[in-house]
Amino acid sequence: KDGVVVSQGGGLNGFSIELQDGRPAFSIRVDKDGATVAGTRAIDGGWHHVAGVLTENKKLLLYVDGELAAETKAPGLLAKKPNIGLQIGAAQISLVSDYGKGEAYTGLIDEFAFYHRALKSEEIAEHATEAHAGDKAPGALMSCSFDNGDARDESGNSINGGQH
């Protein structure tokens, strides 16, 4: 019920998606100033699509199963790539937020995708319903299906562990 699902960065700059008491959240930290947007309800033990979006007008949006679950104001935009690398299913030494209690996520992750733009709500709804079938993350900077038993980037951008 608690854990950091994905995180890049830490206490200075970064983002993370976490669960606390089963409730999903999306957190961001910009120049040490942080914000977290959290769902009001815990998700059950089935499969769920969770997406965090940081918009150009500095809003944090949290989507659960293709539906907007919560939104709040962000402290700013990430001006550069965080110094602490991307980790999927694990917490960083320096946390983006206390949400998730710094625990590693112990559930299953079926897919992960990272975009360098704010997806529109319609796009997130499509992803949540797997409307893309063979191309589940079109235009993603990084995409992992874990189908090969590892977190190899399948976006075509070759962003694999230790390289970026």
Side-chain angles (χ1 to χ4, degrees), residues 1-43 47-82 84-92 94-105 107-130 132 136-146 151 153 155 159:
K1 293 200 172 209
D2 295 335
V4 179
V5 178
V6 62
S7 180
Q8 184 172 12
L12 180 60
N13 289 298
F15 69 90
S16 62
I17 292 180
E18 320 92 355
L19 289 175
Q20 185 163 309
D21 299 323
R23 295 180 328 143
F26 175 47
S27 299
I28 189 165
R29 190 164 297 277
V30 178
D31 295 327
K32 297 184 183 177
D33 191 12
T36 296
V37 60
T40 57
R41 295 179 297 151
I43 54 178
W47 289 103
H48 294 278
H49 181 270
V50 177
V53 177
L54 173 60
T55 68
E56 289 181 27
N57 59 349
K58 302 177 189 168
K59 282 190 177 181
L60 281 181
L61 308 175
L62 175 72
Y63 290 84
V64 178
D65 298 328
E67 299 287 328
L68 182 63
E71 66 179 273
T72 194
K73 187 175 180 348
L77 301 175
L78 291 171
K80 64 179 185 169
K81 182 174 137 184
I84 299 174
L86 180 74
Q87 288 194 14
I88 300 172
Q92 302 287 357
S94 176
L95 298 174
V96 175
S97 81
D98 291 332
Y99 203 92
K101 302 178 183 174
E103 300 290 326
Y105 177 68
L108 298 174
I109 299 173
D110 184 46
E111 296 174 5
F112 170 79
F114 179 81
Y115 294 82
H116 250 218
R117 65 178 181 84
L119 295 181
K120 297 176 185 172
S121 60
E122 299 84 19
E123 293 174 292
I124 291 174
E126 279 185 40
H127 289 277
T129 59
E130 298 187 64
H132 295 288
K136 295 183 181 186
L141 178 65
M142 180 182 179
S143 173
C144 303
S145 70
F146 307 104
D153 178 23
S155 70
I159 300 175

With sequence neighbours excluded, what pairs up with Lys1 under the salt bridge (Lys or Arg N to Asp or Glu O under 4.0 Å) test? none
Are Leu19 and Ile43 close enough that some pair of their side-chain heavy atoms sits under 4.5 Å apart? yes
As an exercise, state the distance from CD1 of Ile124 to NZ of Lys120, rounded to the nearest 0.5 Å. 11.5 Å
Does Glu67 have any salt bridge (Lys or Arg N to Asp or Glu O under 4.0 Å) partners at least two apart in sequence or in another chain, and if so, which? none
Closest approach of Pro82 to Gly9 (non-hydrogen atoms, all atoms of both residues): CB-CA, 3.4 Å
Do side-chain atoms of Ser94 reach the backbone of Gly11 as a donor and acceptor pair under 3.5 angstrom? yes
Tell me whether Asp98 at atom CG has more than 12 heavy atoms from other residues, nucleotides or ligands lying less than 6.0 Å away. no
State, to 0.1 Å, how close Gly76 and Lys58 come at their nearest heavy-atom pair, and which atoms those are. CA-CD, 3.9 Å
Is there a side-chain contact between Trp47 and Asp110, using heavy atoms and a 4.5 Å cut-off? yes
Going from NZ on Lys32 to CG on Asn13, what distance comes out if it is rounded to the nearest 0.5 angstrom? 10.0 Å
May I ask you to decide if the ring planes of Phe112 and Phe114 are parallel, tilted or perpendicular, using 30° and 60° as cut-offs? parallel
For the residue pair Ser7 / Ser16, report whether a side-chain donor-acceptor contact shorter than 3.5 Å exists. no
Answer yes or no: is there a side-chain heavy-atom contact under 4.5 Å between Pro75 and Ile28? yes
For the OH atom of Tyr99 and the CG atom of Asp21, what is their distance to the nearest 0.5 Å? 7.0 Å
Distance (rounded to the nearest 0.5 Å) between Ser27 OG and Leu54 CG: 12.0 Å
Check the pair Leu86, Val6 against side-chain contact (heavy atoms from CB on, under 4.5 Å), reporting the backbone distance first and the verdict last. CA-CA 7 Å; Leu86 180 74; Val6 62; 3.6 Å; yes
Hey, does the side chain of Thr72 reach the backbone of Leu60 with a donor-acceptor pair shorter than 3.5 angstrom? no
Specify the closest pair of heavy atoms between Ala51 and Ile17, including all atoms of both residues, with the distance to one decimal. C-CD1, 4.5 Å
Least distance between heavy atoms, Ile84 atom then Gln8 atom: O-CG, 3.3 Å
Asp2: what forms a salt bridge (Lys or Arg N to Asp or Glu O under 4.0 Å) with it, not counting sequence neighbours? Lys101
Measure the shortest side-chain to side-chain distance between Tyr63 and Phe26 over non-hydrogen atoms and say whether it is less than 4.5 angstrom. no
Tell me, do Ile109 and Ile88 make a side-chain contact under 4.5 Å, heavy atoms counted? yes
Between CG on residue Asp33 and CG on residue Leu12, distance to nearest 0.5 Å: 11.0 Å
Closest non-hydrogen contact found for Arg29 with Leu95 is NE-O, 4.3 Å
Search all heavy atoms of Arg23 against all heavy atoms of Ala38 and return the closest pair with its distance. NH2-CB, 4.3 Å
Assign the ring pair His127 / Tyr115 to parallel, tilted or perpendicular, where the plane angle (0 to 90°) is split at 30° and 60°. perpendicular
If you measure from OG1 on Thr55 to CG on Leu77, what distance do you get to the nearest 0.5 Å? 7.5 Å
